[in-house]
Amino acid sequence: MRWTPWRQWRVRARLLAMTAIPLAYLFCTFVWYAYQSRLAEVREEMAERGPLVAQVLADSSEFSVVSRRYDDLRLTLNGLLRTDPSIYRIDVLDGQRRTLVHAAARAGASAAELRYDEAPIRKRLMWVSMLAPDGKPYQKDRPAGASGVTVETVGYVRVTMSPSALLLKQTRRFYVELAVGSLGLLACALLAWQLAKGLDASLQASMRALREADDEKRRLIRKVNTAVEDERQSIALEIHDELNATLIAVRLEAQRIADLSPEGETRDKAQSIIRLALGLYNSGRSLVRRLRPEVLDMLGLDGAVEEMARHYDNARGGCRFDLRARGDFSGVEKNIAISAYRIVQEALSNVVKHARASQATVTLAREADALRMQIADNGRGFDPAQASAGIGLVGMRERVYALNGSIAIDTGLAAGTRIAIVIPL
């Protein structure tokens with residue numbers, strides 16, 4: 001069984017969920033993207049600033065390293081640390097990478113967060129030609145093969161960057177974006193609430209109108225069924241009181257003619273009239289029983305259905321009909337009993353006409369708050385997706401619908417048919 005709690009939600013709750021879930025997803029996506037963007041900006045800024053600061057310090061520290069004026073260099077480094085909080089430590093190394101000068105920020109930082117960038121301190125020597133006493137130019141102490149400018153690495157500047165300050169600045173920007181996004185989300189949520197409230201009121205009004213129309217339709221169907229049953233009863237009484245009485249009179253008159261006539265053609269004609277009148281009378285009685293089941297008034301619902309099943313069982317159609325009844329049916333209302341009888345009648349008629357079954361079972365159960373019926377057969381069944389509902393099934397559904405009941409049809413090709421009906425009492 002699938003867990004579908006939203007089936008119990010009201011219309012407003014479903015509308016809000018339909019609006020809130022996409023908004024929440026977009027908001028979470030926006031927050032995640034903004035956060036990742038800020039982190040990426042911090043990494044990019046550190047990657048650009050670290051080498052740049054190291055190179056600038058290396059270029060500006062050449063004179064101090066060569067002249068060993070470390071105090072001025074230390075002041076420069078401390079001033080740079082105070083002005084740029086993203087620099088955690090600066091080390092000036094000699095050519096053998098021994099520390100000459102270092103300056104560090106007071107705040108600590110995790111070693112995993114630090115980034116190191118290093119730039120060489122290069123001493124550039126430009127050889128100047130001088131005139132010897134003999135008037136010839138020469139360059140003092142110039143190594144053999146050296147060009148006009150000689151570059152020599154005399155040290156290194158190592159800059160250690162910490163992302164803490166940059167993260168703090170980006171975090172403030174992120175909080176501003178988060179606040180703006182939250183205000184937008186809140187505004188959308190309030191707008192969605194108002195829209196859902198209006199739509200819910202409109203839908204509730206529409207649903208009330210539909211329920212009223214549905215109730216009116218049920219009342220109309222009940223009135224139509226009552227009118228049909230009353231008309232059937234009227235026709236049955238007319239047949240019983242007029243037609244059958246006339247047929248009895250015809251039979252009696254024909255019998256008198258037969259008794260008074262000698263052997264011959266006249267007596268034979270009278271006997272033929274007697275047989276025709278008797279056949280018409282039996283047909284009229286059968287029609288009366290179909291129009292107005294007298295057994296329903298005399299035997300109750302279970303007895304009437306049992307009589308119906310016995311009638312179909314004796315019809316020599318090759319199908320055996322059984323009845324299983326449980327409960328007391330004497331208290332069932334008249335209109336419910338008639339509708340139930342007609343439903344079973346239509347179902348058994350369909351079994352005889354279409355099912356080609358060898359066994360059919362009718363189950364009746366009277367419970368405290370409902371009347372349950374089930375008609376099952378082992379016939380050929382049908383495909384619900386392809387078969388169109390006939391007049392019989394439509395009439396059954398309308399009768400059940402008019403009584404606020406439910407009907408379920410379980411069938412399939414070569415799988416038989418089972419019709420389950422529940423009518424509230």
Side-chain angles (χ1 to χ4, degrees), residues 1-49 84-86 107 109-110 112-113 115 161-222 369-370 384-385 389 394 397-398 400-409 422 424:
M1 182 177 179
R2 293 181 298 177
W3 186 62
T4 53
W6 55 84
R7 295 183 181 273
Q8 308 298 328
W9 293 359
R10 297 183 59 187
V11 176
R12 182 186 300 180
R14 295 187 183 188
L15 291 174
L16 286 176
M18 291 170 59
T19 307
I21 291 176
L23 284 177
Y25 174 76
L26 292 176
F27 179 75
C28 293
T29 304
F30 165 75
V31 171
W32 177 84
Y33 178 77
Y35 179 74
Q36 295 297 328
S37 299
R38 295 307 173 191
L39 290 181
E41 289 181 10
V42 169
R43 289 191 292 267
E44 292 175 0
E45 190 170 353
M46 288 185 61
E48 294 177 359
R49 183 178 296 186
D84 192 346
S86 63
S110 173
E113 299 177 350
R115 175 187 174 92
M161 304 290 293
S162 173
S164 300
L166 296 177
L167 284 175
L168 180 60
K169 181 176 68 174
Q170 296 296 343
T171 300
R172 292 172 181 169
R173 295 181 180 177
F174 172 73
Y175 284 155
V176 172
E177 294 176 353
L178 183 61
V180 173
S182 300
L183 290 176
L185 180 64
L186 180 60
C188 292
L190 292 176
L191 180 61
W193 173 265
Q194 293 297 327
L195 291 176
K197 185 177 179 181
L199 288 175
D200 181 65
S202 177
L203 286 175
Q204 291 296 335
S206 300
M207 291 176 65
R208 284 193 298 270
L210 286 175
R211 281 193 292 267
E212 293 174 358
D214 186 68
D215 293 339
E216 184 65 25
K217 181 180 177 182
R218 293 177 191 272
R219 289 192 296 269
L220 180 60
I221 293 176
R222 285 197 294 267
D369 57 347
V394 172
R397 292 182 187 276
E398 287 185 351
V400 174
Y401 176 78
L403 298 174
N404 298 320
S406 62
I407 180 172
I409 301 176
V422 179

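This is a predicted model, so every value here is computed, not measured.
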Specify the closest pair of heavy atoms between Phe174 and Tyr35, including all atoms of both residues, with the distance to one decimal. CE1-N, 3.6 Å
Could you walk me through whether Glu45 and Glu41 pass the side-chain contact (heavy atoms from CB on, under 4.5 Å) test, one step at a time? CA-CA 6 Å; Glu45 190 170 353; Glu41 289 181 10; 5.8 Å; no
Which value, rounded to the nearest 0.5 Å, describes the distance between Tyr33 atom OH and Leu26 atom CG? 14.5 Å
Run Ser86 and Met46 through side-chain contact (heavy atoms from CB on, under 4.5 Å) and show every step you take. CA-CA 8 Å; Ser86 63; Met46 288 185 61; over 6 Å; no
Take Arg397 and Ile409 through the test side-chain contact (heavy atoms from CB on, under 4.5 Å) and record every step on the way to the result. CA-CA 10 Å; Arg397 292 182 187 276; Ile409 301 176; 3.4 Å; yes
I need the full list of side chain to side chain donor-acceptor pair (under 3.5 Å) pairs touching residues 174-192, with sequence neighbours left out, sorted by first then second residue. Arg38-Glu177
With side chains defined as the heavy atoms from C-beta onward, is the minimum distance between Arg49 and Asp84 less than 4.5 Å? yes
What distance separates Ser37 OG from Glu44 CD, expressed to the nearest 0.5 Å? 9.5 Å
Atom of Pro424, atom of Gly405 and distance for their closest heavy-atom approach: CD-CA, 3.7 Å
Atom OG1 in Thr171, atom CG in Leu39: separation rounded to 0.5 Å? 8.0 Å
How far apart are the closest heavy atoms of Ser406 and Val400, and which atoms are they? N-CG1, 3.4 Å
Separation between CG (Leu178) and CZ (Phe30), nearest 0.5 Å, reads 7.5 Å
